[in-house]
Amino acid sequence: GTTDKRHPEMAEAASPASLAPPDPAGGDQRRPSTVPTGSGGRRSSSARRGSSGRQRPSSSGRSPASKKEAVMDPVLLDAVRKHATFAIIAQLKAKRGYNPKTMPPPKMPELKMFGGVCILRGGNTMCGLTGDNLLIVRVRKDKFDALNGVQGSEPMVHDGRALRGLLFVHVQLTDPKLRDKRIQFWMEHCAEYNLMLPEKVDAKPKKSKGAAKK
C-alpha cells in the first residue's frame, strides 16, 4: 500500500474518531489513531509535535492563554470617579461648609483592590469598580439591610466571606443616562457614610525591601 505522507496530527484531525466528545472526567474517548508509537507503546515526541516543533494543544482545544480575561471599562470607571467627586463635594458643602471656590478640591486617591480600583477619601475606602465592571459601594451598616437588593445589589463576597457594609451593583448599562443615574444614587450613600468615618493620617511610605543597608 501507499504511505500517508501527511503529518500525523493532520491525519488524526481528519479522522471521524477525532470528532468524538471528550470524556467528562477529563479523559479522551477518541479511538487510537495510526500515529507512530515508541517502543513503550506511547506516541513518539515527533508524532505529538507538528513540523514546527511546538506542543499540540490539549484535548480540550483551549490553552490557559486563550481564556478571556476581564477588562475594566474605562468609560465606566470615569463615570464612577465623576459621580464620587460630585457626591463628596455636595456632602462637604452641606455638612462642613465646603466652598470649592476658596478651598482645594478633596483628595480622592485610588488603590488597586479586589481585582479592580477603589476610590478613597480621608484614608477610607469609599467605592470602587471591579475588573468585571461591578460597582463596589460602601454604605452605612444601619442601612445595609434596607439597601441590599435595591437595583439588583447584593452583598460583596471576597475570598468566600461576605463583607458587611459592602455591596456589588451592576452598573454596566447600555443607556448612559440610566447608568449615570444609578451611579449617582449609590455615590450619595457612599459619600454620606464616608464623611461619618474618622479620617486617617497618611502613613509613612514603607522602605523598599531591596534597599541596600548602609
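We use all heavy atoms of the structure for the numbers below, so side chains are in, but hydrogens, waters and symmetry mates are not. For this chain, numbers begin at 1 and follow the sequence in order.
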### Task
Output, in order, the C-alpha distance, side-chain angles, deciding distance and verdict of side-chain contact (heavy atoms from CB on, under 4.5 Å) for Arg138 and Met126.
CA-CA 6 Å; Arg138 190 180 184 188; Met126 173 180 167; over 6 Å; no
### Message
Using a 4.5 Å cut-off between side-chain heavy atoms of Ile, Leu, Val, Met, Phe, Trp and Tyr, which other residues end up in the same hydrophobic cluster as Leu111?
### Response
Met113, Phe114, Leu120, Leu134, Ile136, Met156, Leu163, Leu166, Phe168
### Query
Considering all heavy atoms of both residues, which atom of Gly123 and which atom of Lys200 are nearest to each other, and what is their separation?
O-CD, 3.4 Å
### Message
Please enumerate all residues that pass side-chain hydrogen bond (donor to acceptor under 3.5 Å, both in side chains) together with Lys93, with sequence neighbours excluded.
### Response
none
### Message
Assess the residue pair Leu167 and Glu154 against the criterion (side-chain contact (heavy atoms from CB on, under 4.5 Å)); give the C-alpha distance rounded to whole Å, side-chain angles, the decisive distance to 0.1 Å, and a yes or no.
### Response
CA-CA 5 Å; Leu167 293 167; Glu154 58 185 20; 5.8 Å; no
Report all side-chain donor-acceptor pairs from residues 77-91 shorter than 3.5 Å, counting only partners two or more places apart or in another chain.
{"residue": "Asp78", "atom": "OD1", "partner": "Arg81", "partner atom": "NH1", "Å": "2.9"}
{"residue": "Arg81", "atom": "NE", "partner": "Glu110", "partner atom": "OE2", "Å": "2.6"}
{"residue": "Arg81", "atom": "NH2", "partner": "Glu110", "partner atom": "OE1", "Å": "3.1"}
{"residue": "Thr85", "atom": "OG1", "partner": "Arg81", "partner atom": "O", "Å": "2.9"}
{"residue": "Gln91", "atom": "OE1", "partner": "Lys95", "partner atom": "NZ", "Å": "3.1"}

### Query
Can you list every side chain to side chain donor-acceptor pair (under 3.5 Å) pair that touches residues 167-186, not counting sequence neighbours?
Gln151-Trp186
### Message
Going by the rule salt bridge (Lys or Arg N to Asp or Glu O under 4.0 Å), which residues pair with Asp159 if we only count those two or more places apart in sequence or in a different chain?
### Response
none
### Message
Please check this pair: side chain of Asn133 against backbone of Asp73, looking for a donor-acceptor N/O pair closer than 3.5 Å.
### Response
yes
### Message
What's the separation between atom SG in Cys118 and atom CG in Asn124, rounded to the nearest 0.5 Å?
### Response
12.0 Å
#### Entry: Any pair counted as side chain to side chain donor-acceptor pair (under 3.5 Å), so long as it reaches residues 112-122, sequence neighbours left out
Arg121-Asn194, Arg121-Glu199
### Query
Hey, quick one: are Met72 and Val171 part of the same hydrophobic cluster, counting side-chain heavy atoms closer than 4.5 Å, chains of contacts allowed?
yes
### Summary
For residues 87-106, the ring pair (Phe, Tyr, Trp, His ring centres under 6.0 Å) pairs (sequence neighbours left out) are none
### Fellow cluster residues of Leu178, listed by chain then number, with links counted only when side-chain atoms sit under 4.5 Å apart
Leu173
### Message
Before we go on, tell me: are the rings of Tyr193 and His189 under 6.0 Å apart, centre to centre?
### Response
no
### Query
Is there side-chain contact between Leu92 and Pro106, with heavy atoms separated by less than 4.5 Å?
yes
### Task
Apply the test side-chain contact (heavy atoms from CB on, under 4.5 Å) to residues Leu147 and Arg140: give CA-CA distance (whole Å), side-chain angles for both, the deciding distance (0.1 Å), then the verdict.
CA-CA 10 Å; Leu147 292 172; Arg140 290 174 51 172; over 6 Å; no
### Message
Do Ile183 and Leu76 have side chains that approach each other closer than 4.5 Å (heavy atoms only, starting at C-beta)?
### Response
yes
### Message
I need the full list of ring pair (Phe, Tyr, Trp, His ring centres under 6.0 Å) pairs touching residues 120-145, with sequence neighbours left out, sorted by first then second residue.
### Response
none
### Summary
The side-chain hydrogen bond (donor to acceptor under 3.5 Å, both in side chains) partners of Asp145 (sequence neighbours excluded) come to Arg164
